[in-house]
Undergrad: 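Can you keep this structure in mind? I'll have questions shortly.
In what follows, every heavy atom counts, from backbone to side chain, and hydrogens, waters and symmetry copies are set aside. Residue numbers begin at 1 in each chain, while the letters A, B, ... track the order of the sequences. Remember, it's a predicted structure, so these values are computed and weren't measured experimentally.
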Protein chains: 2
Amino acid sequence: MSSYTPRKKPTQARSRATFEAIIEAGAQLLVEDGFHNMTTNALAERAGVSIGSLYQYFPNKESIVASIIERFADRQFEILAGGLQEVITAPLAEVVHHLVAAMFEAKQAEPELNRVLVEQLPPIGQLDVMRDWTERACHLLEMALEARRDEVEVEDLEMAAFMMVTSCHGIMHSTLLDRPKLLDSEVLREHTARLILRYLGCQE
Amino acid sequence: MSSYTPRKKPTQARSRATFEAIIEAGAQLLVEDGFHNMTTNALAERAGVSIGSLYQYFPNKESIVASIIERFADRQFEILAGGLQEVITAPLAEVVHHLVAAMFEAKQAEPELNRVLVEQLPPIGQLDVMRDWTERACHLLEMALEARRDEVEVEDLEMAAFMMVTSCHGIMHSTLLDRPKLLDSEVLREHTARLILRYLGCQE
DNA sequence: AGTAAATGTGAACAATTGCTCATATATTAT
DNA sequence: ATAATATATGAGCAATTGTTCACATTTACT
């Protein structure tokens, strides 16, 4: 019976530190060696913790990565939400520009970890976390669109939000893999914003 | 010295059959068990071939998957190219609709294999093949745009092609993971076509 | 102080599996 | 027919590694 959730919740300060050390070391080794080449024994050593302790908190190797992913997704979402927070009352065009900026910012935060997770996450079986992330992001956007309904031509706002998030995601993803340098360019962001704005039927 | 390319080229008919059987069995097991859980011994058995023969043609497990991926990518590209072939002289709007249709068709062809490869390809290290695929697809599209330059508002056609391919890809990818049922819907295709057409500055 | 609970340790096990190699069979060439 | 080449076989090796468990140490509690 293998699970992806942690085994035991640390209560004392000491054990909380152990828990954190494991996750931190895990993120490091994931970046350095990839999921397959990262061994639990090496992880424990890097964390300065015995292998036994590791298995006291995590039922298996996968669950460690699951925790790493979960935290990562949360941080990513905060960047997005934070970026949109700045423009709660602004007109649609500005919202879209901030959206694009925030999405790109998230993509470029913790680039190494981002890369490993993007490249190796699926087989680890943590697709749910990403599904959830998309869901939350769409919901956030839908609300933003709702508040500016008069500026949006598209009827189905849920669909519109989905299109915005996923197309933007795809562009960034491919860029990261195919033309990483382009990710910094202002041009790409402008094109992405244009893509979204025109789709919504809004003048730039 | 591990390589991802096959080891020996089969010359006789008998060995060519062996080679094919290995690739076919590999694709099956990849779908059934995933990359990690598929063992080379099981693969050989499924192919009706001894494990020794397998290693006569492939230097390692990865290289088998590499060959599977390569063939898959070629088939995918043919679907795309075929779809565009039908509209070599048509106006832009029609081209885009065919593009979207072809992209969706490719995504839905061999759905199981598609899914496994999308989910497990990266760690196998065959990102190059995908990079290459995007490259080729972009080039194809750029030519199509070039021939209709007067209908396109965007200046940089290379960029435009990149945006079209990657956004479309992202939409399909996320849909496959998050809302697989939606992939069949006409609505999604219409929205995608709209997204692209408006971006290009073309009336529908 | 003394006890119970929480936390930490790491040697060693069990199981898996990618891959080799010595050998056998089939095909082609002379 | 005979030699030479190509192809096929599969038992078993070598190496890796995730995980456990019996025991030590630290903290919390009475």
Undergrad: Taking OH from B:Tyr55 and P from D:dT9, how many angstroms apart are they, rounded to a whole number?
TA: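 Distance check: B:Tyr55 OH to D:dT9 P gives 16 Å.
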Undergrad: Does the pair B:Glu135/A:Arg179 count as a salt bridge with the N-to-O cut at 4.0 Å?
TA: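 A:Arg179 and B:Glu135: salt-bridged.
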Undergrad: Please check the phosphate of C:dT9 (OP1 and OP2 only) for any side-chain N or O of A:Ser53 closer than 4.0 Å.
TA: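 For A:Ser53, the contact criterion (side-chain N or O under 4.0 Å from OP1 or OP2 of C:dT9) is met.
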Undergrad: Assuming nearest nucleotide by heavy-atom distance, tell me which of B:Arg14 and B:Met38 is located more 5' along DNA chain C.
TA: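 Residue closer to the 5' terminus by nearest nucleotide: B:Met38.
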Undergrad: Can you check whether any acceptor in the base of C:dC19 is under 3.5 Å from a donor in the side chain of B:Asn41, or vice versa?
TA: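 Check passes, donor-acceptor contact within cut-off.
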Undergrad: Could you go through residues 33-44 of chain B and list every donor-acceptor pair under 3.5 Å that involves a side-chain atom there, pairing it with any protein atom two or more places apart or in another chain?
TA:
| residue | atom | partner | partner atom | Å |
| --- | --- | --- | --- | --- |
| B:Thr39 | OG1 | B:Ala42 | N | 3.1 |

Undergrad: Both B:Thr40 and A:Thr18 contact DNA chain C. Taking the nearest nucleotide for each, which residue is further toward the 5' end?
TA: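 So the residue in question is A:Thr18.
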Undergrad: Please tell me which of the listed nucleotides, D:dT19, C:dC19, D:dT9, lies nearest to the side chain of B:Ile51?
TA: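 Closest of the options to the side chain of B:Ile51: C:dC19.
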Undergrad: What integer distance in Å separates A:Leu29:CG from D:dT17:C1'?
TA: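 Atom CG in A:Leu29 sits about 15 Å away from atom C1' in D:dT17.
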Undergrad: Of all the nucleotides listed (D:dT7, C:dT7, D:dG18), which has the minimum atom distance to the side chain of A:Gln56?
TA: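 Of D:dT7, C:dT7, D:dG18, C:dT7 is nearest to the side chain of A:Gln56.
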Undergrad: Return no unless some side-chain N or O of B:Ser50 is found under 4.0 Å from OP1 or OP2 of D:dG10.
TA: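 So the side-chain polar atoms of B:Ser50 never come under 4.0 Å of the phosphate oxygens OP1 or OP2 of D:dG10.
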Undergrad: Going by an N to O cut-off under 4.0 Å, is there a salt bridge joining B:Arg75 and B:Glu105?
TA: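 No.
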Undergrad: In whole Å, what is the span from the CD atom of A:Glu45 to the P atom of C:dA11?
TA: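 Distance, rounded to whole Å: 11 Å.
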Undergrad: Let me know the distance between CG of A:Asn37 and C1' of D:dA15, rounded to the nearest Å.
TA: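 Answer to the nearest Å: 14 Å.
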Undergrad: Rounded to whole angstrom units, what separation is found between the NZ atom of A:Lys61 and the C1' atom of D:dT17?
TA: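 From A:Lys61 NZ to D:dT17 C1': 8 Å.
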Undergrad: Is it the case that the side chains of A:Gln28 and A:Glu32 hold a donor-acceptor pair, with the cut-off being a distance below 3.5 Å and no angle test?
TA: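 Per modelled atom types, A:Glu32 and A:Gln28 side chains form no pair under 3.5 Å.
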Undergrad: Whole Å only: how far is the CD atom of B:Gln12 from the P atom of D:dT7?
TA: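 Rounded to the whole Å, the gap is 5 Å.
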Undergrad: Describe the nucleic acid contact of B:Thr39 in one word from base, sugar-phosphate, nothing, applying a heavy-atom distance below 4.0 Å.
TA: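 Here B:Thr39 touches the backbone only, sparing every base.
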Undergrad: Which part of the nucleic acid, if any, lies within reach of B:Phe58 when heavy atoms closer than 4.0 Å are counted: base, sugar-phosphate only, or nothing?
TA: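 The residue B:Phe58 makes no contact with any strand.
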Undergrad: Between B:Arg131 and B:Asp128, is there a salt bridge with N-O shorter than 4.0 Å?
TA: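 Yes.
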Undergrad: Given D:dG10, C:dC19, D:dT7, identify the nucleotide with an atom nearest to the side chain of B:Tyr57.
TA: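 Given the options D:dG10, C:dC19, D:dT7, the side chain of B:Tyr57 is closest to D:dT7.
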Undergrad: Roughly how many Å is it from CD1 in A:Ile22 to P in D:dT19, rounded to a whole number?
TA: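 Atom-to-atom, A:Ile22 to D:dT19, this comes out as 13 Å.
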Undergrad: What is the distance, rounded to the nearest whole Å, between atom CG of B:Leu54 and atom P of C:dC19?
TA: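 From B:Leu54 CG to C:dC19 P: 9 Å.
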